[in-house]
Every structure is written in structure tokens, then in C-alpha cells.
2 protein chains.
Amino acid sequence: MADHVDLVLEQWRARRPDLDPSPMGVIGRMSRLGALFDAELRRNFGKHDLDRASFDVLATLRRSNAEHSLTPAGLMHSSMVTSGAISQRLDRLEARGLVTRAPSETDRRGVLVTLTPAGLELIDKVLPTHVDTEAQLLAGLSADEQDQLAGLLRTLLESLGDKRD
Amino acid sequence: MADHVDLVLEQWRARRPDLDPSPMGVIGRMSRLGALFDAELRRNFGKHDLDRASFDVLATLRRSNAEHSLTPAGLMHSSMVTSGAISQRLDRLEARGLVTRAPSETDRRGVLVTLTPAGLELIDKVLPTHVDTEAQLLAGLSADEQDQLAGLLRTLLESLGDKRD
DNA sequence: ATAAAGTATCTCAGTGCTAAGAAACTTTCA
DNA sequence: TGAAAGTTTCTTAGCACTGAGATACTTTAT
């Protein structure tokens, strides 16, 4: 049993036997899986006239609270992209009538982004197909293995300072 | 013990109790780790006047064979980007004198990309710092846990059809 | 031998991101 | 209170990628 990364590791051991390439066994595989996941998830988004960025915003609003609203800063933290990227994502979503921007009532610098009925309808339609696609992508692992994997990834995230907020 | 994704999962269970969000526990964490890894690796590349794309090409050539040469198609398969991206990466690397492009001797459509001495020197200088950075990023897991993680990721890659070539 | 299909590489317009910085507002603290 | 520091959002230039398609060559099939 060997995947592409096993070949890469072998090559490194042959060319640079002085280096221990084993970290690549983890990070290289995660990067490769990330690309494969992304391609498959994008295929599903495309069916619904969405892209990863728009889905990300709509889904974050959908789960955030009963009003489906959040500030751009909140969206930014959740998405791990810059404030400029969020501004542009919101421009696109607003133009499509999927979210609204309203001035914050407590901070005059602030903005409150809210899902419109059309935005809510769209994300609620796409969500089940999205979770389903993800489940398919993980189907090569048993439920136990998936839990194990999630646990290791959580440990790693915590060690890197990933917090609940 | 809880990371950001645990919060996300809780939110989904509250807003959409009809969906089983557990696949997100794996895929969401991988995506988040990918972003964190990327940022840290980029920081290291930056110290050596490199970016991820250039490092990727130079490293692939470095490990491929004793001549440090490969076709654009070979680089493309290894990198999981389109042919257009490879062309542009090679343009940049060629302009910096780190690789050369020569016509293939067996196929007149083909091109052979080779590391120049300057390219070899640069990648050999950066490589140890790169592996070191990766090792640091994984330091939150024991050696055993890292092996376990690599194994689960390999199983997943194989289930998705990732091959040795 | 020739046509059709396939492969290798490149070009380029469009896209979404980052980084830097501007503008408006709020908080801190001397 | 007033100045400085911090926060929130937006703007924009520059960058690397994708997707579509062009070009040139090779392989396959008739």
C-alpha cells in the first residue's frame, strides 16, 4: 500500500539521506487531500451557482445565531482570510441579494451582515448536499477511524493555538 | 479540550439538528490546519526570497533524479495545478536563472526543465529549514501520533485514488 | 499514407486573494 | 479632556491561479 507521498519520501531519502523527511508524510498528505477535497466540494457548489468563498460566508451566517447575522470581523476570523477578501465577498453576495449590510447600532464603525430570505433558502438547500459530499470523501475510513483522525487533528490545532472563538 | 471546529459543530447541531455535521470535524480541521501550515511555511520561504509555488517546483526537481530534471507535465502531476500555472511558474524561475528549459530530445513537443547550479544551491539551502519548520508545526503530536496520523491520511488518499506516479 | 484522436506546452482573460494603506470611529491613559 | 493607540471596514494595485483555447507535434486506426 503506497500513495504518491510514499514515492516522494522515497525520493527524498535517496537524494538527501541526511534529511529526515517524515514530517512531509503528514504535511504533504494533508496538502494533497486538501486539494482533492477542494476540487470535489467545488463541483458540488457549482451545481448551485456558488463558489467556496460564497458558501463559506453563507454557511457561517447560517450557523451563527437565530438572526443569521454577524459582523465582517466575525466572518473574517471564522474564514481565516483578510478583511479585504471579506469586503469583496460581501460585495458579491450583496449584489446577488443573498445578504444585506446594515450599520451597527452599537458601534458606528461597524456593520451587521444578515442573510436575506433568498440567502437562507439557498444555503439551506445546499447544506445537505455539502455534508453528503464530505461524507463521501471520508467514506474510505470507518467511523472509528474518522473519529481518531478528527481527534489527532484537534490535538494539533490546539497545539498551534486554535481557540474556540 | 476544544478547538474552533468544536464550536462550529455545536452551532450546526443547534441550528440544523437534522444534519449530522461530523464530517466537518475532519474536513473543517484539515482545511484550518492547511491554512495555518501554509502561513508558517510561507514565512520561512520569504526569508529566502521564495514563495510556495517556486519552492514546490525547485523541490520537485531536486528530488526527481540525479540530473534534477523533469518535464512540465511531470511537474504538473506532482503539484496538482494546471499546465498554465506550471508554464508561468517556469517563466518566473527561468527569469531568475534557477531553472533552464531545453527542447526534449525524444519528443519535439516536449521540454526538459533542469535545475541550474544556482537553483540547486538555493533549494539545498532552504530544504533543511523547511523540514525543520514542518517538524515544529507537528511538534504538538508525539512521534507515534504523527505516524498514526500519516497512516490515516494515506488510507484516505488511497481510497480517493491517489497513486504513486 | 492519411485522417482522427491524443498529448505537451503555452497564452491570456477573468477571478479572488493578499498586503498596504486610507478613513472613520472608539478606547485608553496621562 | 485630549492625544495616542487601537479597531473596523473598505479600497486598490499586484499577484498567482484557473479555464478555455491555440499551436505543434505524436500516436492510432483505417
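No hydrogens, no waters, no symmetry mates; every other heavy atom, side chains included, goes into these values. The chains referred to below are lettered A, B, ... by the order of the sequence lines, with proteins before strands, and numbering in each begins at 1.
We find that CG of B:Leu90 is positioned 14 Å from P of D:dA16, with the value rounded to whole Å. The distance between atom CE of B:Met76 and atom P of D:dG19, rounded to the nearest whole Å, is 11 Å. Between A:Asp51 atom CG and D:dC17 atom P there is a gap of 19 Å when expressed in whole angstrom units. B:Leu75 has its CG atom 15 Å from the C1' atom of C:dC10, to the nearest Å. Atom P of nucleotide D:dT18 and atom CG of A:Asp38 are separated by 11 Å, given to the nearest angstrom. Rounded to an integer number of Å, the gap from A:Glu105 CD to D:dT8 C1' is 17 Å. Distance A:Leu50 CG to C:dT15 C1': 16 Å, rounded to the nearest Å. Nucleotide D:dA16 holds its P atom 14 Å from the CZ atom of B:Phe45, rounded to whole Å.
Residue B:Thr71 is in sugar-phosphate contact alone, with no base atom involved, counting any heavy-atom pair closer than 4.0 Å across all strands shown. Contact annotation for A:Gly84: base contact, defined as any heavy-atom pair under 4.0 Å involving a base atom. A:Arg52 comes within 4.0 angstrom of nothing in the nucleic acid, heavy atoms only.
Note on A:Leu120: it clusters hydrophobically with A:Leu122, by side-chain heavy-atom contacts below 4.5 Å among ILVMFWY residues.
Two rings, from B:His130 and B:Phe45, have their centers less than 6.0 Å apart.
For B:Pro72, taking side-chain heavy atoms from C-beta onward, the closest of the listed nucleotides C:dT7, C:dC10, D:dA16 is C:dC10. Candidate nucleotides C:dC25, C:dT18, D:dC10 were compared by shortest atom distance to the side chain of A:Val111, and D:dC10 ranks first. Listed candidates were D:dT18, D:dG6, C:dG16. Nearest to the side chain of A:Arg92 is C:dG16. Candidate nucleotides C:dC17, D:dC25, C:dT26 were compared by shortest atom distance to the side chain of A:Ala53, and C:dC17 ranks first. With D:dC10, C:dT9, D:dT8 as the choices, the nucleotide that has an atom nearest any side-chain atom of B:Ser83 turns out to be C:dT9. Here the nucleotide nearest the side chain of B:Ala85, chosen from C:dT18, C:dT26, D:dC17, is D:dC17. Among the nucleotides C:dT11, D:dT26, D:dC17, the one closest to any side-chain atom of B:Arg89 is D:dC17. Nearest to the side-chain atoms of A:Asp107 among the listed nucleotides C:dA13, D:dT8, D:dC25 stands D:dT8.
For A:Thr82, no side-chain nitrogen or oxygen approaches OP1 or OP2 of C:dA19 to under 4.0 Å. In this structure, A:Arg42 reaches the D:dG19 phosphate: one of its side-chain N or O atoms is under 4.0 Å from OP1 or OP2.
Atom-to-atom distance recorded for A:Arg62:CZ and B:Arg16:CZ is 5.5 Å, nearest 0.5 angstrom. Atom CG of residue A:Leu141 and atom CD of residue A:Gln146 lie 5.5 Å apart, to the nearest 0.5 angstrom.
Contact annotation: side chain of A:Gln88 to base of C:dT18, donor-acceptor pair present below 3.5 Å.
Within the 4.5 Å cutoff, side-chain heavy atoms of A:Val126 are placed close to those of A:Thr129.
Each of B:Asp91 and A:Thr106 was assigned the nucleotide of DNA chain C with the nearest heavy atom; the assignment lying further toward the 5' end belongs to B:Asp91. Mapping A:Ile86 and A:Arg109 onto DNA chain D by nearest heavy atom places A:Arg109 closer to the 5' end of the strand.
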**Item:** Criterion salt bridge (charged side-chain N to carboxylate O under 4.0 Å, His left out) on A:Arg13 and A:Glu10, from CA distance to verdict
**Value:** CA-CA 5 Å; A:Arg13 290 197 184 97; A:Glu10 268 172 41; over 6 Å; no
